[in-house]
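What follows is a single structure, written as structure tokens, with notes after it.
All figures in this text were calculated on a predicted structure; none of them were measured in a lab.
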Amino acid sequence: MHRFPARRTAPLPPDAAARAWRYAVDWGPAALAELSVRLTEDGDETILTGDGRGAGLLLFFSDFELSQTGRYGPEGPREFIARGRVGDERTDRRVIFAPGETPVSEVLAAPPGDDDEPRTPIPDGALMGAVDPMFPILSAMRSIDGGGGCAGDHRVYTGRSAFQMTLRDLGPEMLEADRDWTFAGPARRCSISMKRIGGFRLKSNWWDQDEADVTRDIWFAALPGGTAPVRMQIEWPLGHAVGRIDLR
């Protein structure tokens, strides 16, 4: 059984509306991670927060927690904060986005020597018009809510690395529940591809894979309050992982 930590969130303003979802991520039959997502609409600002931590099989290799929050206005991304912990080490970053300007990254916390590792350069001007890594999913949800598809092409900046993220609309399909606690019904399937721009380690780790060998799919469906991701799947030569919405 997948267990999720209790939420600790600040009280919402009286005029704010929020939706929340939980996901279980498995590697085959083994639990891998637990995720929770919260979407808040507060006046002219949208706040999207995702929290994750290792579970099951992954705890044998690494004890980690990750939290990402994006704040958006009518003009697009305003702020992105990523907080991560692996074991006893924390790495926290903040990125400020302003229309017509290059995003600015600030290190909030990092282990000693974290920035000493050589990385591929980010070309001059490559970050102009960039968005944070959560915005493409929010953009797809809004597009589907408006009667469109999920297709989109986004230049993404995490505060350290930059890449091109392309979503391709694969059309509607009937999603079957392969767990008795997850979603089944009509959904829209979208593929996600990545192309690195810069800011990545020069020395590859054993789990790094050529992007041509990686397949990513995400399914969106109508839930109370609007469209939401209901399943995510990534396949690469080392195996495949599936994230399923938990409706219990």
Side-chain angles (χ1 to χ4, degrees), residues 1-9 19-39 48-70 80-93 109 111 132-138 140-141 156 158-161 163 165 167 175 177-183 187 189-194 200-201 205-209 211 213-221 223 228-248:
M1 177 180 294
H2 298 282
R3 294 176 297 173
F4 294 87
R7 287 185 170 277
R8 294 182 176 90
T9 55
R19 293 186 286 152
W21 312 283
R22 302 182 302 173
Y23 301 86
V25 182
D26 297 331
W27 183 305
L32 194 65
E34 299 170 346
L35 306 177
S36 61
V37 177
R38 183 180 179 89
L39 177 63
L48 181 61
T49 299
D51 297 298
R53 68 176 185 175
L57 178 65
L58 195 58
L59 292 179
F60 285 99
F61 302 96
S62 175
D63 172 24
F64 83 92
E65 293 180 344
L66 175 66
S67 178
Q68 296 186 341
T69 298
F80 173 70
I81 296 178
R83 302 184 184 276
R85 179 189 61 80
V86 179
D88 295 328
E89 295 186 341
R90 294 204 61 89
T91 304
D92 301 347
R93 290 181 179 271
D132 68 82
M134 303 181 75
F135 181 78
I137 302 303
L138 177 63
M141 292 165 58
V156 173
T158 68
R160 168 172 274 176
S161 59
F163 54 90
M165 178 187 290
L167 280 74
L175 196 60
D178 53 357
R179 302 289 189 274
D180 60 8
W181 41 263
T182 195
F183 175 86
R189 182 177 183 176
C190 307
S191 67
I192 300 176
S193 61
M194 311 280 200
F200 293 89
R201 293 183 180 90
N205 292 307
W206 64 269
W207 59 81
D208 285 343
Q209 298 291 323
E211 285 298 329
D213 297 329
V214 181
T215 301
R216 304 175 184 88
D217 290 300
I218 184 168
W219 287 260
F220 296 94
L223 296 180
V230 293
R231 188 174 299 181
M232 298 152 279
Q233 182 170 297
I234 179 170
E235 297 186 29
W236 70 108
L238 294 176
H240 74 278
V242 181
R244 302 172 179 87
I245 193 168
D246 189 332
L247 298 178
R248 289 174 289 188

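Partners of Gln233 by side chain to side chain donor-acceptor pair (under 3.5 Å), not counting sequence neighbours, listed by chain and number: Glu235. Considering only residues two or more places apart in sequence or on other chains, Arg179 meets the side chain to side chain donor-acceptor pair (under 3.5 Å) condition with none of them. For Glu65, the side-chain contact (heavy atoms from CB on, under 4.5 Å) partners at least two apart in sequence or on another chain are Arg53, Arg85. For Arg93, the side chain to side chain donor-acceptor pair (under 3.5 Å) test picks out Asp115, with sequence neighbours left out. Residues passing the side chain to side chain donor-acceptor pair (under 3.5 Å) test with Arg231, sequence neighbours excluded: Asp178. Remark: Leu247 pairs with Phe183, Ile245 by the side-chain contact (heavy atoms from CB on, under 4.5 Å) rule, at least two apart or across chains. When the side-chain contact (heavy atoms from CB on, under 4.5 Å) test is applied to Ala109, the partners found at least two apart in sequence or on another chain are Asp92. With sequence neighbours excluded, the residues that form a side-chain contact (heavy atoms from CB on, under 4.5 Å) with Met232 are Tyr23, Ile218.
Considering every non-hydrogen atom in both Pro111 and Arg90, the closest pair reads CD-O, 3.1 Å. Of all the heavy atoms in Ala221 and Val230, the pair that sits closest is CB-CG1, 3.8 Å. Closest non-hydrogen pair, Ala82 versus Gln68, comes out as CB-CG, 4.2 Å. Minimum heavy-atom separation, Leu167 to Ala140: CD2-CB, 4.0 Å.
Using a 4.5 Å heavy-atom cutoff, the side chains of Val86 and Thr91 are not in contact. Between Ile192 and Ile137 there is a side-chain heavy-atom pair separated by less than 4.5 Å. Here the side chains of Phe163 and Thr158 are in contact, with some heavy-atom distance below 4.5 Å. In this structure, the side chains of Leu48 and Val37 come closer than 4.5 Å at one or more pairs of heavy atoms. Side-chain contact between Phe135 and Val156 is absent, with no heavy atoms from C-beta onward closer than 4.5 Å. With a 4.5 Å cut-off on side-chain heavy atoms, Leu223 and Arg19 do not count as touching.
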Go through the steps for Leu39 and Met141 under the test side chain to side chain contact (heavy atoms under 4.5 Å, CB included), then give the verdict.
-> CA-CA 11 Å; Leu39 177 63; Met141 292 165 58; 4.0 Å; yes
